[in-house]
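Before any comments, here is the structure.
Here is how names work: the chains are called A, B, and so on, in the same order as the sequence lines, proteins then strands, and each is numbered from 1. Scope of the values below: all heavy atoms of this structure, side chains included, with no hydrogens, waters or symmetry mates.
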There are 2 protein chains.
Amino acid sequence: MRHARLPASEEIAIVDVFHALSDPFRLQIVRRLAVEGEASCQALEGDRPKSSVSHHFRVLREAGLIRTRNEGATRMNALRREDIERRFPGLLSCVLSARND
Amino acid sequence: MRHARLPASEEIAIVDVFHALSDPFRLQIVRRLAVEGEASCQALEGDRPKSSVSHHFRVLREAGLIRTRNEGATRMNALRREDIERRFPGLLSCVLSARND
DNA sequence: TCGATAGTTCGATATTTTTCGAATTTTGGC
DNA sequence: GCCAAAATTCGAAAAATATCGAACTATCGA
């Protein structure tokens, strides 16, 4: 399985992060990962076709927001909390505490 | 001159804010407004046609990030600092302090 | 090895944004 | 009233994103 590129902490670009977070579905994924720690893709899909879910996870991954590791046949996704915090202090807590959007 | 709608503080949607900030030119406008306080559109345009500049100011305005007031024939734009801070505490300082993107 | 499950990739289409010139609006000054 | 300056609106064309099914890949277990 080819590995998607994932930027190092210092390489994370804020415009990419903002773009990734500007989609409601992706924002929801980020928030659920924040609560659940790790989750598979399918655990977070909502009737969407797999290809669409996969696309959104890829956007999050390439923006530097999540990390994906293989666990058997499934892939577990997690927020890159420390990396994001180091790169953009305060951003994540701000995103997570912003309610009723 | 028709007035562009501008959301009340509580109506500002975080996905709209993120979308507005996901463009390098718009992010630059926000940062310059943070430094300069107020500025006309043309003061911030960089060789771009006026219609393009106007478009980006409109996106920022409709997202709730800036406010525009008439000053004679020119329009002065300013960040809605307090409104943004009330709605999404910490976001603005995070955006403004994020460097070398 | 065969199947089943989980995701990714591909390709085509649809939707959304961006871009830019031209026309228009608004305001102040002459 | 007219002209110039500042910005918005319109319309069309280009570029970027999103969507979805189908084909493909990888891993585990029977």
Using the 3.5 Å cut-off, write out each protein N or O paired with an N or O of nucleotides 1-4 of chain D and the distance between them.
none

Please write out each protein N/O paired with an N/O of nucleotides 16-20 of chain D under 3.5 Å, distance rounded to 0.1 Å.
| residue | atom | partner | partner atom | Å |
| --- | --- | --- | --- | --- |
| D:dA18 | OP1 | A:Arg26 | NH1 | 3.2 |
| D:dA18 | OP1 | A:Arg26 | NH2 | 3.1 |
| D:dA18 | OP2 | A:His55 | NE2 | 3.0 |
| D:dT19 | OP2 | A:His56 | NE2 | 2.7 |

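Within the structure, salt bridge (charged side-chain N to carboxylate O under 4.0 Å, His left out) pairs that include any residue of residues 37-47 of chain B comprise B:Glu38-B:Arg69 (at least two apart or interchain).
Partners of A:Pro49 under the side chain to side chain contact (heavy atoms under 4.5 Å, CB included) rule, at least two apart in sequence or in another chain, are A:Ser51, A:Ser52. With sequence neighbours left out, the ring-ring contact (aromatic ring centres under 6.0 Å, His included) criterion links B:Phe18 to A:Phe18. Scanning for side chain to side chain contact (heavy atoms under 4.5 Å, CB included) contacts around A:His19 gives A:Ser22, A:Arg26, A:Val59, B:Ser22, with sequence neighbours left out. Take B:Arg86 and apply the side chain to side chain contact (heavy atoms under 4.5 Å, CB included) test, not counting sequence neighbours, and it matches B:Ser9, B:Glu82, B:Asp83. Residues meeting the ring-ring contact (aromatic ring centres under 6.0 Å, His included) test with B:His56, sequence neighbours left out: B:Phe25. B:Glu36 meets the side-chain hydrogen bond (donor to acceptor under 3.5 Å, both in side chains) test with B:Arg32; sequence neighbours excluded.
Salt-bridge check for A:Arg58 with A:Glu62: passed, with a basic side-chain N closer than 4.0 Å to an acidic carboxylate O.
The phosphate of C:dT27 has neither OP1 nor OP2 within less than 4.0 Å of any side-chain N or O from B:Thr74. OP1 or OP2 of D:dT8 sits under 4.0 Å from a side-chain N or O of B:Arg61.
Under the 3.5 Å distance criterion, with hydrogens and angles disregarded, a donor-acceptor pair is assigned to the side chains of B:Arg61 and B:Thr68.
Of the candidate nucleotides C:dT8, C:dA6, C:dT27, C:dT8 has the atom lying nearest to any side-chain atom of A:Arg75.
An end-to-end axis angle of 20° holds for the helix from C:dT1-D:dA30 to C:dC30-D:dG1, taken from five base pairs per end and rounded to 10°.
Between the P atom of D:dT27 and the CD atom of A:Glu71 lies a distance of 13 Å, rounded to the nearest Å.
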